[in-house]
Amino acid sequence: MKRLSLKPNLLTVNTLLSALVKYPSTNCSIMCRELFNDAVRLGVKLNTNTFSILMKAYCIELKFDDAIGLLKTMGEFGCEPDNVSYNTILDGLSKKGRLNQVRDLLADMKGRGLVPNRHTYNILVYGYCKMGWLKDAAKILELMTQNNVLPDVWTYNVLVNGFCGDGKIEEAFKLLEEIEGLKLFPDIVTYNTLINAFLEKKRSLDAFELLEQMKLKGVKPNNSTYNIILKWYCREGKMDEACDNIKRMEEGGFSPDSVTYNTLINGFCRAGKLDVAFRVMNEMTGKGMKPDAVTLNTVLRIFCVERKHDEAYELLNSARKKGYIVDEVSYGTLIAGYCKDENVEKAMKIWDEMKQKGVIPTVLTYNTIIGGLCKSGKTAEAINKLNELLESGLVPDQITYNTIIHGYCWAGNIEKAFQFHNKMVEHSFKPDIYTCNILLRGLCREMMLEKAMKLFNTWISRGKIIDAVTYNTLISALCKDGKLDDAMALVSDMEEKKLGPDIYTCNAVLGALAEAGRTKEAEDIILKVVETGSVHEGTVLSQKGKLQDPPTVESAENSDSGSVVYSEQIIEFCAQKKYIEAMQLLKELTAKGATVNRSTYMTLMNGLIKRKKGTMKVDKM
DNA sequence: CTAGGGTTAG
């Protein structure tokens, strides 16, 4: 078109821009900007929508300053921002928890005489919920009513999700009554949110009951319903039932989407079944669904788990060149991987690269690097990162603070841990069960057992929530200190509260019990642990009297040396980008009943992500 | 707006 010197019209420009934004790839905003510049050069008269779409592009890449800048510059083109323009940026900011900027922009919006509409309010409710500021979120609802903008199901769904995310399912249900009072009806999103919340809280019975209730009320499940249940099966490691769920999904007339496939791939990866994970990934591509950013990040994670960090790094870079969205999650995955490998230097290097590429970290990304720095004893640098986080306008969360408190404990600086904790409490930080357990463990490490017990008793008398970790921390410390009777008293205590004993309790007390010749008690506790089902079948007792998990798939796989030659051949094909040959060989091998090692499957997954158009078809494996 | 990928305690 450009070559023919034809002038595109406004509709063409906006349609193209929308398409770029709808299916975003790397450098989405740069491509949009180029298109925009071309349009300007060709003298196309642009409208407000053009700018709003461009803003959306910037928001996708978290370039909020550029997006906000457009609000001013669009005036030079004779365009004025409208509600859509503001809502677009507000939505982007709100989703990433940048509430300070939301506030400023909202003031700016009102200053222009624009009136927030329902969408604007819904965005605010979402933002507050995401931050866990539920009271503020509820206040927005009041504000809406005052301003004659009535909340809709959407508003309530956001709020329901907020309450669920905070673990307040019962309060979320109260909202349902409120919805019905307004003659609105809970829809499939409402139900999906609640079912998901039950499953996350391990209340599967409630979840399935609600599912039935939902059907009775005539609300039909959708793809997401099945995906939510699928996720639960995967998390529980019930991969057979996960597959049954897919069958039911298809029987119900739904087809697996990319979320379904990514959930399954992740599930099989976590279960150590890389061969099946690869097969699913291949099936996904066969059905015309390309591996996407989530698939990429899943594969990056499994590479890191398998300690192939450098391969993961290489994959990240080549995926970016192939147009994948490489986001803060991708970089965060690698950063976490290197941190676990005790290579913070490399993790920091990747952090810098991420920044240099214009990928903006979220709180979670910060938490990852802060945790890594803490674990390697670099608490001062961790604090630097915390300050950087604050300067960037983000708000630290529970995990940020807990990580730093843990960092001080890890460094043996229990005083500083408490100091930091106290200072944060003054700044409205609410210690949770993690905080308590971290501090308790810190005291135990420093042989301040008495102080730990004192703290523990204060919590009990104040009715604070304690859990199995709390008990196990103390029990383990008491055993190491030779106070077996005190430890056993806590064991019965935790049993009374139905918090255990579990496998950690066992590991803590069995050695001491055996040494004291108290075999009867040792047998008792093992029996209880098995009864409560907190140990999966196949757990074996080693000679030292400690419970151990059965040998992992990994060690079993390492012994399949028979097909090493073929594995190497497949890997070689992949290296030469001869994926078709690689797949052919794999097919032949599987037909013969031979197996290849996990490394080979990882190389094949790598190939699926990187390949351009060449097919990697394999029929039945 | 909900669903899939990366972070905290024993």
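Everything quoted here is computed from the prediction, not taken from an experiment. What you see below is based on every heavy atom in this structure, not just the backbone, and it leaves out hydrogens, waters and symmetry mates. Each chain gets a letter, A, B and so on, in the order its sequence line appears, and its residues count up from 1.
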What does [X] touch in the nucleic acid at a heavy-atom separation under 4.0 angstrom: a base, only the sugar-phosphate, or nothing?
X        : result
A:Gln398 : nothing
A:Asp467 : base
A:Ser476 : nothing
A:Asp327 : base
A:Ser258 : base
A:Ser224 : base
A:Thr190 : nothing
A:Lys130 : nothing
A:Ile228 : sugar-phosphate
A:Asn266 : sugar-phosphate
A:Thr435 : nothing

Closest heavy-atom pair and its distance - A:Met289, A:Pro256 =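 Heavy-atom minimum between the residues: CE-O, 3.6 Å.
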Classify the side chain of A:Thr365 versus the base of B:dG6 as yes if they form a donor-acceptor pair under 3.5 Å and no if they do not.
->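 Indeed there is one.
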B:dG4 base to A:Asp292 side chain: any donor-acceptor pair below 3.5 Å?
-> yes
Is it true that A:Arg203 and A:Asp206 have a side-chain N and a carboxylate O under 4.0 angstrom from each other?
->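 Salt bridge: yes.
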Of the listed nucleotides [options], the one nearest the side chain of [X]:
X        : options             : result
A:Ile433 : B:dT8, B:dA9, B:dC1 : B:dA9
A:Asn367 : B:dG6, B:dT7, B:dC1 : B:dT7
A:His406 : B:dG6, B:dT8, B:dG4 : B:dT8
A:Thr193 : B:dT7, B:dT2, B:dT8 : B:dT2
A:Asn437 : B:dG4, B:dA9, B:dT7 : B:dA9

How many whole angstroms separate atom [atom1] of [X] from atom [atom2] of [N]?
X        : N     : atom1 : atom2 : answer
A:Arg445 : B:dA9 : CZ    : C1'   : 12 Å
A:Leu300 : B:dT7 : CG    : P     : 12 Å
A:His421 : B:dA9 : NE2   : C1'   : 14 Å
A:Leu373 : B:dT7 : CG    : C1'   : 13 Å
A:Asn262 : B:dA3 : CG    : P     : 15 Å
A:Leu211 : B:dT2 : CG    : P     : 20 Å
A:Arg235 : B:dG4 : CZ    : P     : 6 Å
A:Asp341 : B:dG6 : CG    : C1'   : 17 Å

Backbone N/O of A:Lys375 and side chain of A:Trp410: donor-acceptor pair under 3.5 Å | yes
Under 3.5 Å, is there a donor-acceptor pair between the side chain of A:Asn437 and the main chain of A:Ile433?
->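 Yes; judged by distance alone, with no hydrogens or angles, the pair exists.
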Could you verify whether a donor N or O on one side chain and an acceptor N or O on the other, from A:Asn196 and A:Thr193, lie under 3.5 Å apart?
->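 The criterion, which ignores hydrogens and geometry beyond distance, is not satisfied for A:Thr193 and A:Asn196.
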Can you tell me if the side-chain N/O atoms of A:Lys231 get under 4.0 Å from OP1 or OP2 in B:dA3?
->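 Looking at the OP1 and OP2 atoms of B:dA3, neither is under 4.0 Å from any side-chain N or O of A:Lys231.
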Between B:dT2 and A:Tyr126, is there an OP1 or OP2 to side-chain N/O distance shorter than 4.0 Å?
->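 A:Tyr126 to B:dT2 OP1/OP2: side-chain N or O found under 4.0 Å.
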A:His421 and A:Phe429 aromatic ring geometry - parallel, tilted or perpendicular at 30°/60° bounds |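 Correct class here is perpendicular.
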Output for pair (A:Ile370 CD1, A:His406 NE2), nearest 0.5 Å, gives 14.5 Å
